[in-house]
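Order of appearance sets the numbers: ligands from 1, and atoms from 1 within every ligand.
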Amino acid sequence: MDYTEYIYPFTDEKIIIKKEDYNSILDYCRQGIPEESCGLIGGKKDENINRIEKVYFLTNIDHSNEHFSMDPKEQLDAYKDARANGYDILGNFHSHPESPSRPSEEDKKLAYDSKAIYMILSLMEDNNPVLRAFHVEKNSIVTEHEIIVE
Ligand SMILES: [Zn+2]
């Protein structure tokens, strides 16, 4: 797979995710195949570091392999839980079972929160899951956040 057409400038903002959370996202999204899986990421932002402290696994009520909508009730519960734990919802994640890790045209259209982090996990290659994190401006300009798994 040639990813060169999906190169975006990096922002100064980095994302730190625990290995166990990364693995949980991977497991959840693999189990969701052939549908796209989705969820929210809670944590804290300090200067240019977004530290993910808790991942919320939500139901894709579209049950589609090409798009997703998060269950609104589960979304609300996640926001409440994050607040109770002193975290912010930093953004969301979803999987691309059959396409590369880059915001699709529809993803860009639906990325109405320009402060949120949009993580996309591509599972199109069985042995090579690709997790990337994006920032999408209202004008659909995409930049990328470096992800540090620790
Ligand atoms: Zn997508």
>> Which of the protein's N, O or S atoms come within less than 2.8 Å of the Zn ion (ligand 1), not counting waters?
In response: H94 NE2, H96 NE2, D107 OD1, D107 OD2

> Got a donor-acceptor contact below 3.5 angstrom from the D81 side chain to the A78 backbone?
Replying inline: no

>> If you define the side chain from C-beta out and look only at heavy atoms, does anything of Y28 sit under 4.5 Å from S95?
In response: no

> Heavy atoms, side chains only, cut-off 4.5 Å: are F93 and L121 in contact?
Replying inline: no

>> Going by the rule side-chain contact (heavy atoms from CB on, under 4.5 Å), which residues pair with N92 if we only count those two or more places apart in sequence or in a different chain?
In response: L40, M70, Y118

> Just one of L123, V130, I120 clears the side chain to side chain contact (heavy atoms under 4.5 Å, CB included) bar with H96, so which one?
Replying inline: I120

> I17 versus I25: any side-chain heavy-atom pair under 4.5 Å?
Replying inline: yes

